Chemist: 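Below are the structure tokens for one structure; questions will follow.
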Amino acid sequence: MLATITVNDEKCNDPLSCRKCLLVCPTYVLGLGTSAGAHKFKEIEPEHFIVRGVRFDKCTGCMKCAEVCPKNAVQVSF
Amino acid sequence: MCEFCIEHGQGTKWYLQTKNYAEELLNEERKRYIADFYEKFEEMAANGLAALDKLVPADLAAAKAGRSSLAEGMKEQHFGQVIPLEDVEKILDFTTSITRVPCACRSVLHGVYDDRYCFNVATFKSDFWPKGVFEQWPDYSKDIEILTKEEAKKEFQKLDRNGLVHSVWTYHTPFIAAICNCASRDCLGFRMMERGQRPFFKAEYVAAIDIEKCNGCRDCVKICPFGAISYSPTLQKCSIDQMKCFGCGVCRGVCALDAIAFLDRNAIPVLAKEW
Ligand code: SF4
Ligand code: SF4
């Protein structure tokens, strides 16, 4: 049973200053990337950061990331 | 629910069902099993250990996969499940006698013969364990201790604080008659687990840290008997890898900030299949 996590990038428009889902996950399933390609993180506009599930094999389905997201942008499905 | 909850608990916690402690289960065959168990424990354990330690990695993988594996076979005889302190207390509440006895694992592993980490419980004749079983070995029975419920609860609280994992054990499943207090170096079950043969289920629970409350003191990291908790120097917080967590609950006891929540394993999809 492998989870899929989808993040609505429009709702999640400033993940760098929020980071709630990254911090709450006990098995570090989520990661922070960019939609602007290879750049130094400091040079990128906030809206070009994206959150993605990167290690689905570690996801337990506890739903903490979805619960903690203040913008309701994270969805976990099986 | 673990498979024993389904088979022996009608879908509820099997170890909280008084029927699995009942005198009616104590037929001649089971009585003989119990007598043999204590008579031959050291010998069986020593032989078993030697056999386990001889397993090479290829055999280990085969043993793990095979239904005839050692731990799988133990499910019918002597099998356990980790339970947290509050469930120990629920069991103690419905028992009529509690006999604290020296731990056979510690005698085999460390040569320590008089450390009383095991609590034999019964819900019927109060002298079943002390008279019915142990009296025939005077050397052993001089080290046993009869406790009241209140005394036993206090002892379990102390053991919990010291990071000992509580677990129930069967004598011919589903008859439960002992609650043990284990630690990795002191327990044959843990030793088997290191060899890919785990004779006990994880608990019906898992723990989780509230990072808002955690101050990164790491007391929980030190006490977790399963190495499930890690510390991030960057975040200065701890977190629990729930795939490694056995749900023993001892981490809660040491967290001064009450930052550790205890969750129902069965409510978390992937963990509900992790026993
Ligand atoms: S014991 Fe509590 S406060 Fe200390 S690191 Fe663990 S969870 Fe955090
Ligand atoms: S993290 Fe899990 S296994 Fe470790 S002490 Fe806490 S409840 Fe027990």
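Note on naming: letters A, B, ... go to the chains in the order of the sequence lines (proteins, then strands), and numbering restarts at 1 for each one. These numbers come from a predicted model, not from an experiment.
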Chemist: Please classify the contact between B:Lys273 and chain A as side chain, backbone, both or neither, with a heavy-atom cut-off of under 4.5 Å.
Modeler: side chain
Chemist: Listed by residue number, which members of residues 51-63 of chain A have a heavy atom under 4.5 Å from any heavy atom of chain B?
Modeler: A:Cys59, A:Thr60, A:Gly61, A:Cys62
Chemist: Taking side chain as everything from C-beta outward and backbone as N, CA, C, O, which of these in B:Ile240 sits under 4.5 Å from a heavy atom of chain A? Side chain, backbone, both or neither.
Modeler: backbone
Chemist: Check whether B:Ser230 gets within reach of chain A through its side chain, its backbone, both or neither, counting any heavy atom under 4.5 Å.
Modeler: side chain
Chemist: Is the number of heavy atoms from other residues, nucleotides or ligands under 6.0 Å of B:Glu89 CD greater than 12?
Modeler: yes
Chemist: More than 12 heavy atoms of other residues, nucleotides or ligands under 6.0 Å from CD of A:Glu10: is that the case?
Modeler: no
Chemist: How many angstroms lie between CG in B:Asp241 and OG1 in A:Thr27, if you round to the nearest 0.5 Å?
Modeler: 6.5 Å
Chemist: Going by the ring pair (Phe, Tyr, Trp, His ring centres under 6.0 Å) test, which pairs reach into residues 9-38 of chain A, not counting sequence neighbours?
Modeler: none
Chemist: Using only non-hydrogen atoms and a strict under-4.5 angstrom cutoff, which residues of residues 66-78 of chain A touch chain B?
Modeler: A:Phe78
Chemist: Is there any residue in residues 160-191 of chain B with a non-hydrogen atom under 4.5 Å from a non-hydrogen atom of chain A, and which ones are they?
Modeler: none
Chemist: Crowded around B:Lys75 NZ? As in, over 12 foreign heavy atoms under 6.0 Å?
Modeler: yes
Chemist: In this structure, are over 12 heavy atoms from other groups packed under 6.0 Å from B:Arg252 atom CZ?
Modeler: yes
Chemist: Has B:Lys154 got more than 12 heavy atoms of other residues, nucleotides or ligands less than 6.0 Å from its NZ?
Modeler: no
Chemist: To the nearest 0.5 Å, how far apart are CD1 in B:Ile211 and NZ in A:Lys64?
Modeler: 11.0 Å
